[in-house]
Peer 1: 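Next up is a structure, given as structure tokens.
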Amino acid sequence: MLVLDEFDKSLSMGFQEQMAEIIKELGSVEKRVLASATNKQHIPLFTGITNPKVLNFYKAAEQSTDGLELKRVLSPTADKSVTLFKLLCYLGAEPTLIFCNQRDTTETVQAALTGLGIQSTFFHGGMAQPEREKTLVQFRNGSIQFLVASDLAARGLDIPQVKHVIHYDLPLKADDFVHRNGRTARMHAEGTAYLIKSPEESLPEYLSETPPLLDLPQQEPVPKHAPWITLYISGGKKDKLGKTDIVGFFSKKAICKKTISEKLKCWTLCRL
Amino acid sequence: METDQIFAETLSNLGISTLNALQEAAIPAIQARPNVILLAPTGSGKTLAFLLPVLSRLNADTPGVQCLILSPTRELAIQIERVWQAMSTGFKVNTCYGGHPMQTEIKNLSQPPALLIGTPGRILEHLTRKTVDLRR
């Protein structure tokens with residue numbers, strides 16, 4: 001059996017030839033499943049998929065994004081980081097994904113936010129795998145509230161409970177816009193997407209109507225820092241490091257009280 | 001064991017009580033038809049919709065890789081693997097992707113998993129090095 005997941009993404013990432021070669025190497029395949037997040041019907045020959053049963057869940061999906069609200073925020077300058085800062089202050093400390101079109105932009109935006117006193121992290125395809133994983137763990141467990149990401153984070157990643165999606169840059173393609181917004185308002189939950197527009201930018205054609213304008217208040221407190229941090233302990237059984245060592249270390253240093261150490265114990269139990 | 005029973009057990013392992021509409025429609029279709037195309041946005045429950053039919057087709061007595069899942073990104077591949085592990089199927093799974101130590105993967109593949117997940121580049125590399133055999 002062969003499953004091609006997120007096939008449209010594989011094609012757009014240029015895996016066509018590699019996939020074709022792999023599929024050629026397979027023996028007899030009795031069953032093939034192709035999953036695609038894009039509502040396009042063109043299926044290349046190399047997949048070996050003939051006379052398929054097509055199940056289109058797009059209609060149902062469009063209804064399920066009913067929970068999504070779209071708002072527009074105006075930036076007076078071409079550099080939108082100050083407007084983004086104000087928007088984040090207005091939205092408060094909630095899991096938020098900020099999308100940029102380029103890797104460099106995610107890093108500069110993240111640096112600008114740090115300068116203004118907001119803790120955030122960037123996430124893009126140019127990062128090494130362990131770094132990407134660590135960032136996602138922290139975003140999922142809430143020790144990072146604001147993730148500045150490229151379109152890598154728009155698809156397929158299971159990041160639950162994203163409250164807000166912010167388009168720092170608007171994507172060039174309608175598909176990407178849909179995928180980014182799909183990070184919030186998932187499975188009947190409600191969510192809001194914001195787009196930041198500078199005077200020079202015009203709204204893309206894929207927006208059928210102009211989203212309502214959101215006026216940001218002048219003075220809002222900076223969002224609180226996340227209530228916890230994630231510690232990465234590079235050690236385990238092979239290093240003779242057990243959960244009791246970690247709990248012991250913290251209580252000895254009086255870094256945590258007994259109640260916390262109980263919680264930590266539970267946590268390390270699950271992790272080690 | 002009957003397929004229905006396997007599914008019920010797997011769902012209870014996952015802590016899920018009911019399938020969603022996509023899964024209800026997709027699972028029987030994948031089981032009945034040789035070629036199925038699922039068009040759906042992310043977050044709609046596609047992963048489980050194909051993993052359950054995969055599970056129903058695996059045979060504990062068949063040696064070698066019985067199912068290959070190709071995913072464009074490492075994160076997605078890892079995510080599929082996590083769902084499979086949470087299903088507690090008893091079938092071995094391995095995930096191969098760029099940035100993962102090649103030697104570890106080669107060692108894992110020396111006992112071929114029933115389910116192999118990977119990104120195209122890395123799977124092709126294993127095929128070229130002949131560290132995995134996908135011609136059942």
Peer 1: Which residues in residues 93-120 of chain B have any heavy atom closer than 4.5 Å to a heavy atom of chain A?
Peer 2: Y97(B), P120(B)
Peer 1: Begin from the C-alpha positions of E25(A) and R135(B) and carry the test side-chain contact (heavy atoms from CB on, under 4.5 Å) through to its verdict.
Peer 2: CA-CA 7 Å; E25(A) 287 291 316; R135(B) 297 179 181 276; 3.6 Å; yes
Peer 1: Considering non-hydrogen atoms only, spot the tightest contact between F57(A) and A40(B) and give its length.
Peer 2: CB-CB, 3.9 Å
Peer 1: State the CD1-CZ distance between I123(B) and F15(A), to the nearest 0.5 angstrom.
Peer 2: 11.5 Å
Peer 1: Quick check on the interface: out of R32(A), K31(A), K9(A), H179(A), who has the most heavy-atom pairs with chain B under 4.5 Å?
Peer 2: K31(A)
Peer 1: Could you walk me through whether I22(A) and L68(B) satisfy the side-chain contact (heavy atoms from CB on, under 4.5 Å) test, starting with their C-alpha distance in whole Å, then the side-chain angles of each, then the deciding distance to 0.1 Å, before giving a yes or no?
Peer 2: CA-CA 10 Å; I22(A) 294 168; L68(B) 171 69; 3.8 Å; yes
Peer 1: Can you run down the side-chain hydrogen bond (donor to acceptor under 3.5 Å, both in side chains) pairs that involve residues 49-60 of chain B, sequence neighbours left out, and say none if there aren't any?
Peer 2: E30(A)-R57(B), Q31(B)-S56(B)
Peer 1: Looking at every non-hydrogen atom in both residues, tell me the closest pair between P72(B) and S10(A) and how far apart they are.
Peer 2: CB-OG, 3.3 Å
Peer 1: Using a 4.5 angstrom heavy-atom cutoff, name the option from L127(B), T128(B), L58(B) with the most pairs to chain A.
Peer 2: L127(B)
Peer 1: Under 4.5 Å from any heavy atom of chain A, what part of I78(B) do you find: side chain, backbone, both or neither?
Peer 2: side chain
Peer 1: Measure distances from I69(B) to the heavy atoms of chain A and classify the residue's part below 4.5 Å as side chain, backbone, both or neither.
Peer 2: both
Peer 1: Relative to chain A, which segment of A32(B) carries a heavy atom at a distance below 4.5 Å: side chain, backbone, both, or neither?
Peer 2: backbone
Peer 1: Contact part of T47(A) toward chain B, heavy-atom cut-off under 4.5 Å: side chain, backbone, both or neither?
Peer 2: neither
Peer 1: So which atom in L55(A) and which in A25(B) form the shortest heavy-atom distance, rounded to 0.1 Å?
Peer 2: CD1-O, 4.1 Å
Peer 1: Does Q102(A) have more than 12 heavy atoms from other residues, nucleotides or ligands lying within 6.0 Å of its CD?
Peer 2: no
Peer 1: Checking the side chain of K53(A) only, and the main-chain atoms of I37(B) only, is there a donor and an acceptor separated by less than 3.5 Å?
Peer 2: no
Peer 1: Tell me whether N35(B) contacts the main-chain N or O of N51(A) through its side chain, where contact means a donor paired with an acceptor under 3.5 Å.
Peer 2: no
Peer 1: Quick one: CE on M1(A) to CG on L55(B), what's the gap to the nearest 0.5 Å?
Peer 2: 10.5 Å
Peer 1: Tell me which one of L70(B), T73(B), L76(B) satisfies side chain to side chain contact (heavy atoms under 4.5 Å, CB included) with E6(A).
Peer 2: L76(B)
Peer 1: Using the rule given for side-chain contact (heavy atoms from CB on, under 4.5 Å), can you reason through F50(B) versus D5(A), listing the C-alpha separation, both sets of side-chain angles and the distance that settles it, and then say yes or no?
Peer 2: CA-CA 9 Å; F50(B) 63 70; D5(A) 199 10; 3.6 Å; yes
Peer 1: Below 4.5 Å from any heavy atom of chain A, which atoms of A26(B) appear? Answer side chain, backbone, both or neither.
Peer 2: both
Peer 1: Is it the case that over 12 heavy atoms from other parts of the model lie below 6.0 angstrom from the CD atom of E17(A)?
Peer 2: no
Peer 1: Given the options V36(B), V54(B), I30(B), T47(B), which has more heavy-atom pairs under 4.5 Å with chain A than any of the others?
Peer 2: V36(B)
Peer 1: Looking at CG of L26(A) and CG of L134(B), how far apart are the two atoms once the value is rounded to the nearest 0.5 Å?
Peer 2: 5.5 Å
Peer 1: Please report the interatomic distance CD(E75(B)) to CD(Q129(A)), rounded to the nearest 0.5 Å.
Peer 2: 5.0 Å
